[in-house]
Amino acid sequence: MPLIDSDLIDDVWDRSSLDLHWVVLESLITWNYVPTLLGKTIDEMDFNLYS
């Protein structure tokens with residue numbers, strides 16, 4: 001179970017707050033990457049977490 005900072009969801013690192021919490025990975029992590037010639041690349045990661 002990793003300990004994460006919920007501010008990282010918005011890509012903000014806030015060292016002054018204590019909003020850390022535990023999460024549990026409930027599924028495998030799959031990476032969906034499909035490059036295209038027209039610049040519309042699909043680059044996603046799919047997983048389920050319990051928080």
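Treat the numbers as computed from the prediction; the structure is a model and nothing was measured.
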Visitor: Are M45 and L49 in one and the same hydrophobic cluster, where Ile, Leu, Val, Met, Phe, Trp and Tyr link if side-chain heavy atoms are under 4.5 Å apart?
Guide: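 They do share one cluster, since a chain of ILVMFWY contacts under 4.5 Å joins M45 to L49.
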Visitor: Show the nearest heavy-atom pair for residues P35 and T41, with the distance to one decimal.
Guide: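 Shortest heavy-atom separation between P35 and T41 comes out as CA-CG2, 3.9 Å.
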Visitor: Which pairs with one or both residues in residues 25-51 pass ring pair (Phe, Tyr, Trp, His ring centres under 6.0 Å), sequence neighbours excluded?
Guide: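 Qualifying pairs: W31-Y33.
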Visitor: With I42, which residues qualify under side-chain contact (heavy atoms from CB on, under 4.5 Å), at least two apart?
Guide: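 side-chain contact (heavy atoms from CB on, under 4.5 Å) list for I42, sorted by chain: V34, E44.
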Visitor: Passes side chain to side chain contact (heavy atoms under 4.5 Å, CB included), D46 versus N32? Steps please.
Guide: CA-CA 8 Å; D46 295 322; N32 303 319; 2.6 Å; yes
